[in-house]
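Note: hydrogens, waters and symmetry copies are ignored here, and every other heavy atom, side chains too, is used. Index from 1, following the sequence.
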Amino acid sequence: MNFSKLAVSTALLSGLAYLLSYMGVTPIVLLFIFVLFADLEVSVKKNASQALFLSLFFSIFSVILSTLSNWYLNLVGGDWILTNAYSLYKVLSSLNIFSWLDGLLGLCEFVVMLLAFFTVVKGKDFKLPVITKFVDKHFEGNASAE
């Protein structure tokens, strides 16, 4: 197992990146800045980069779904519904597919981040189809943690 100059394993630092990326964009950005300026292995930098891009993807997609959900609720609860048709609004608002998709997206994010955490803590590489290729293209050296 490789250790950084901070006496912490590089696998644990990589796993921390994925856990922080689940907490939001701000914590992973702060860790990403630290990892880039610290003298750490390339594998840690790649994992922090992947975690950052993954967090940005889920955040942007969640904002889009939330916006669509608000648009749908404004459409359903607009002026065209009579004031005494509250039960119709109640039914139509529960059919808000965008809200359901946003909840499903949050669950998917949780599962992906846990899977990534346990994969990198074991010392293996966590590969994502598009993000890994993009990150590998912009970093030098071999980052295989195996």
Side-chain angles (χ1 to χ4, degrees), residues 1-79 81 86 88-146:
M1 182 170 286
N2 297 335
F3 286 89
S4 67
K5 292 183 179 183
L6 303 171
V8 177
S9 73
T10 55
L12 185 62
L13 284 173
S14 296
L16 180 66
Y18 288 105
L19 287 181
L20 288 177
S21 67
Y22 179 71
M23 292 179 184
V25 175
T26 305
I28 187 59
V29 166
L30 294 175
L31 182 70
F32 179 73
I33 291 169
F34 168 75
V35 164
L36 283 183
F37 288 111
D39 188 24
L40 297 172
E41 289 185 12
V42 176
S43 64
V44 178
K45 293 179 182 184
K46 284 186 176 184
N47 280 315
S49 299
Q50 281 189 170
L52 175 66
F53 288 124
L54 201 58
S55 180
L56 286 174
F57 167 76
F58 280 116
S59 296
I60 290 170
F61 204 56
S62 179
V63 165
I64 291 170
L65 287 176
S66 296
T67 303
L68 290 173
S69 176
N70 287 337
W71 171 80
Y72 175 76
L73 289 176
N74 285 337
L75 178 71
V76 169
D79 294 334
I81 291 185
Y86 176 72
L88 178 64
Y89 172 75
K90 191 174 176 183
V91 169
L92 289 177
S93 65
S94 66
L95 296 175
N96 185 358
I97 189 71
F98 302 113
S99 177
W100 289 90
L101 288 175
D102 195 26
L104 187 62
L105 180 72
L107 180 64
C108 289
E109 179 182 14
F110 180 71
V111 169
V112 168
M113 296 303 178
L114 274 183
L115 183 66
F117 173 77
F118 287 118
T119 302
V120 298
V121 167
K122 290 179 185 176
K124 299 179 181 177
D125 288 334
F126 184 71
K127 297 189 185 285
L128 295 161
V130 176
I131 297 174
T132 302
K133 288 180 185 178
F134 179 76
V135 169
D136 283 343
K137 191 171 22 173
H138 294 286
F139 280 97
E140 294 179 18
N142 187 9
S144 179
E146 298 179 286

Qualifying residue for side-chain contact (heavy atoms from CB on, under 4.5 Å) with Leu52, from Leu20, Leu31, Ile131, Val29: Val29
When rounded to the nearest 0.5 angstrom, what is the spacing between NZ in Lys127 and CG in Asp136? 6.0 Å
Between Thr132 (side chain) and Leu128 (backbone), is there a donor-acceptor pair under 3.5 Å? yes
When you compare the side chain of Lys46 with that of Val42, does any pair of heavy atoms fall below 4.5 Å? yes
Please test Leu36 against Ile33 for side chain to side chain contact (heavy atoms under 4.5 Å, CB included), starting from the C-alpha separation and ending with a verdict. CA-CA 5 Å; Leu36 283 183; Ile33 291 169; 6.0 Å; no
Yes or no on side chain to side chain contact (heavy atoms under 4.5 Å, CB included) for Leu13 and Val35, after CA distance, side-chain angles and deciding distance? CA-CA 9 Å; Leu13 284 173; Val35 164; 6.0 Å; no
Contact summary for Val44 and Ser14, nearest pair of heavy atoms: CA-OG, 3.7 Å
Are Ile64 and Leu68 side-chain neighbours, meaning at least one heavy-atom pair lies under 4.5 Å? yes
Are any side-chain N or O atoms of Ser62 and backbone N or O atoms of Ser59, one a donor and one an acceptor, separated by less than 3.5 Å? no
Identify the heavy atoms of Gly15 and Val121 that sit nearest to each other, and give their distance. CA-CG2, 4.2 Å
Identify the heavy atoms of Ser99 and Ser69 that sit nearest to each other, and give their distance. CB-OG, 3.9 Å
Kindly compute the distance separating NZ (Lys45) from CZ (Phe37), expressed to the nearest 0.5 Å. 9.5 Å
About how many Å separate CH2 of Trp71 and CZ of Phe98, when rounded to the nearest 0.5 Å? 6.5 Å
Does Val25 form a side chain to side chain contact (heavy atoms under 4.5 Å, CB included) with Leu56? I'd like the steps, not just the answer. CA-CA 7 Å; Val25 175; Leu56 286 174; 3.9 Å; yes
Which atom names give the shortest non-hydrogen contact between Tyr22 and Met113, and what distance separates them? CB-CG, 3.8 Å
Does any non-hydrogen side-chain atom of Ile28 lie less than 4.5 Å from one of Ser55? yes
Just wondering, do Phe110 and Leu114 contact through their side chains at under 4.5 Å, heavy atoms? yes
Approximate separation, where rounding is to 0.5 Å, of Glu109 CD and Phe58 CZ: 5.5 Å
Test side chain to side chain contact (heavy atoms under 4.5 Å, CB included) on Leu115 and Phe126 and set out the steps. CA-CA 9 Å; Leu115 183 66; Phe126 184 71; 4.0 Å; yes
Ser43 backbone acceptor or donor facing Asn47 side chain under 3.5 Å: yes
